[in-house]
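Take a look at the structure set out below.
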Amino acid sequence: MRQVFDTNIKDMKEPFETITKGSKMIFGYGRVSTKEQNPARQRDALKYKCDDYFEDKLSGRSMERPEFQRMLELLRSGDTVMVLSIDRLGRNLRELIELSFQLKEKGVNIVALSQGIDTGTKIGELFYTLLAVFADLELQFIKERQREGIEVAKKEGKYMGRPLKQLEGWEQLSKEVDEGKLSVDRACKLLNISRSTFYRRKRLEGESAKNDNS
């Protein structure tokens, strides 16, 4: 199967030999912001290759994509979404990953002309593998930043761990234990918690009160 990735504008009006020949419908999508150049390049590169073309122009105040949503509603299994560049599909990496796998679940192929991506081919399947790797890396980066933030908070005495679970009757029973009116074991039984959980809550409450007063 011959692949066509040339995106020179002078060739756009020539008959398009689709790189996803089994596709039912080919939907082109273009996106620009008010800060970018005229969308003519994307439009000219796609409209002669597609059965239908959709285009959004985003402003600084609004990031909604009504035309993209309208296109999503029309997509059926076996269809293809074609963009000039893969970054037109998502406005950031997270959105690109989510939308790509959303389209895959619908049985919709993705073609990005500038990058030579065609998920309808065996080689194109690698695209999803790479996205999965990037998604995992992003998750690892987030976890690493969280760990670093926790370490900094601990050093500054601001980290209190996970929020304490709400326990009905805790304040009253805890007060009675402090006043010697109730045993810890009895309080734990009434609260349905272990002794270690009881003492952990008491310790964390004490640390929180200390930080609030400092």
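Quick caveat: nothing in here was measured; it's all calculated off a predicted structure.
Atom NZ of K106 sits in a crowded spot, with more than 12 heavy atoms from other residues, nucleotides or ligands closer than 6.0 Å. Sparse packing is recorded around CG of N192, with 12 or fewer heavy atoms of other residues, nucleotides or ligands lying under 6.0 Å away. Other residues, nucleotides and ligands place more than 12 heavy atoms under 6.0 Å from the CD atom of E179.
Taken to the nearest 0.5 Å, the CG atom of D87 stands 11.0 Å off from the CG atom of N92. Rounding to the nearest 0.5 Å places CZ of R88 at 13.5 Å from CG of L113. The NZ atom of K24 sits 11.5 Å away from atom CG of L75, with the distance rounded to the nearest 0.5 Å. Distance CG/L96 to CZ/R94: 12.5 Å, rounded to 0.5 Å. Atom CG of residue L191 and atom OG1 of residue T197 lie 10.5 Å apart, to the nearest 0.5 angstrom. Here the CZ atom belonging to R70 is positioned 10.0 Å from the CZ atom belonging to F27, to the nearest 0.5 angstrom.
Contact check for L99 versus F68: side-chain heavy atoms found under the 4.5 Å cut-off. Side-chain atoms of Y29 and L46, non-hydrogen and from C-beta on, never get closer than 4.5 Å to each other. Looking only at side-chain heavy atoms (C-beta outward), L103 and N109 stay at 4.5 Å or farther from each other. Within the 4.5 Å cutoff, no side-chain heavy atoms of K202 are placed close to those of V177. The shortest distance between side-chain heavy atoms of I86 and I110 falls below 4.5 Å. Side chains of R200 and R203 form a contact here, defined as non-hydrogen atoms less than 4.5 Å apart. Residues K104 and F127 fail the side-chain proximity criterion, which asks for heavy atoms closer than 4.5 Å. Residues F198 and W170 are in side-chain contact: their nearest non-hydrogen atoms beyond the backbone lie under 4.5 Å apart.
Applying the side-chain hydrogen bond (donor to acceptor under 3.5 Å, both in side chains) rule to S183 yields no partners; only residues at least two apart in sequence or on another chain are considered.
Here the shortest heavy-atom pairing between C50 and M82 reads SG-SD, 4.0 Å. Here the closest non-hydrogen pair linking T119 and E125 is O-OE2, 3.8 Å. S85 approaches Q115 most closely through the heavy-atom pair OG-NE2, 3.0 Å. In plain terms, the two heavy atoms of D185 and R195 that are nearest each other are OD1-NH1, 2.5 Å. Closest approach of D79 to M25, counting heavy atoms only: OD1-N, 3.0 Å. The nearest pair of heavy atoms linking R43 to Y53 is CA-OH, 3.5 Å.
Within the 6.0 Å centre-distance limit, the rings of F101 and Y128 are counted as a close aromatic pair.
In this model, a donor atom of one side chain and an acceptor atom of the other lie less than 3.5 Å apart for Q172 and E176.
In this structure a side-chain-to-backbone donor-acceptor pair under 3.5 Å is present from D51 to I26. In this structure, the side chain of E55 does not engage the main chain of E67 through any donor-acceptor pair within 3.5 Å.
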